[in-house]
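Taking it in order: structure first as structure tokens, then the write-up.
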Amino acid sequence: MISKAQVEELRLATADRLANCIALCCVVAWRVSWLTMLSREAPVANPAAVFTDDERHPLEHATPDRKRMATHDLEFYVKAVARLGGYLDRASDPPPGTTVIWRGLAQLADLVEGARIVGR
């Protein structure tokens with residue numbers, strides 16, 4: 001029987017595979033960090049610069065009704081992503097960090113893919 005660690009070891013056994021994995025991780029880490037910092041520096045920025053229409057639509061519907069009335073600026077969408085990642089969004093909470101945004105982006109990818117499948 002092969003363990004999960006051995007499967008991971010086999011999958012990244014070649015230098016090319018490892019390089020691809022590192023490159024993908026770097027891109028994801030950059031997007032998460034950039035999104036976190038951008039939402040703190042320019043919360044009223046245009047969300048179309050960061051999120052596609054396919055990403056914004058499920059975020060609007062995943063937002064609780066009481067929070068939907070807010071302006072749909074970058075801060076609205078970043079908090080929506082963070083809520084998907086476990087951010088509670090209470091009045092006394094600090095701005096969302098990289099961990100909840102990373103988790104939220106993973107959930108958002110699933111929502112977008114589900115919407116794409118249903119739309120067929």
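If you're wondering where the values come from, they're calculated on a predicted model, not measured in any experiment.
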Nearest heavy-atom pair of [X] and [Y]: which atoms, and what distance?
X      : Y     : value
Pro94  : Tyr87 : O-OH, 2.6 Å
Leu111 : Pro58 : CB-CB, 4.2 Å
Ala62  : Leu84 : CB-CD2, 4.2 Å

Using a 4.5 Å cut-off on heavy atoms from C-beta on, say whether the side chain of [Y] contacts that of [X].
X      : Y      : value
Trp102 : Leu35  : no
Glu75  : Ser39  : no
Val78  : Ile101 : yes
Val44  : Leu74  : no
Arg83  : Thr63  : yes

Parallel, tilted or perpendicular: rings of His72 and Tyr77 (30°, 60°)
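It falls in the perpendicular class, over 60°.
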Return the orientation label for the Trp34 and Trp30 ring planes: parallel under 30°, perpendicular over 60°, tilted otherwise.
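Rings of Trp34 and Trp30: parallel, as their planes differ by under 30°.
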If I take atom CG from residue Leu108 and atom CG from residue Leu59, how far apart are they, to the nearest 0.5 angstrom?
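Rounded to the nearest 0.5 Å, the CG-CG separation comes to 4.5 Å.
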With rounding to the nearest 0.5 angstrom, report the CD to CG distance, Glu113 to Asp54.
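Rounded to the nearest 0.5 Å, the CD-CG separation comes to 10.5 Å.
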Does Asp73 reach the main-chain N or O of Phe76 with its side chain, forming a donor-acceptor pair under 3.5 Å?
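Yes; judged by distance alone, with no hydrogens or angles, the pair exists.
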Are Val28 and Leu38 connected into the same hydrophobic cluster when the rule is that any two of I, L, V, M, F, W, Y join if their side-chain heavy atoms are below 4.5 Å apart?
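Hydrophobic grouping puts Leu38 with Val28.
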SB check Glu60 Lys79 (cutoff 4.0 Å):
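Answer for the salt bridge query: no.
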Taking only residues two or more places apart in sequence, or in another chain, which ones meet Asp16 in a salt bridge (Lys or Arg N to Asp or Glu O under 4.0 Å)?
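Salt bridge (Lys or Arg N to Asp or Glu O under 4.0 Å) list for Asp16, sorted by chain: empty.
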Apply the test salt bridge (Lys or Arg N to Asp or Glu O under 4.0 Å) to residues Arg31 and Glu55: give CA-CA distance (whole Å), side-chain angles for both, the deciding distance (0.1 Å), then the verdict.
CA-CA 14 Å; Arg31 185 176 186 203; Glu55 291 172 328; 3.4 Å; yes
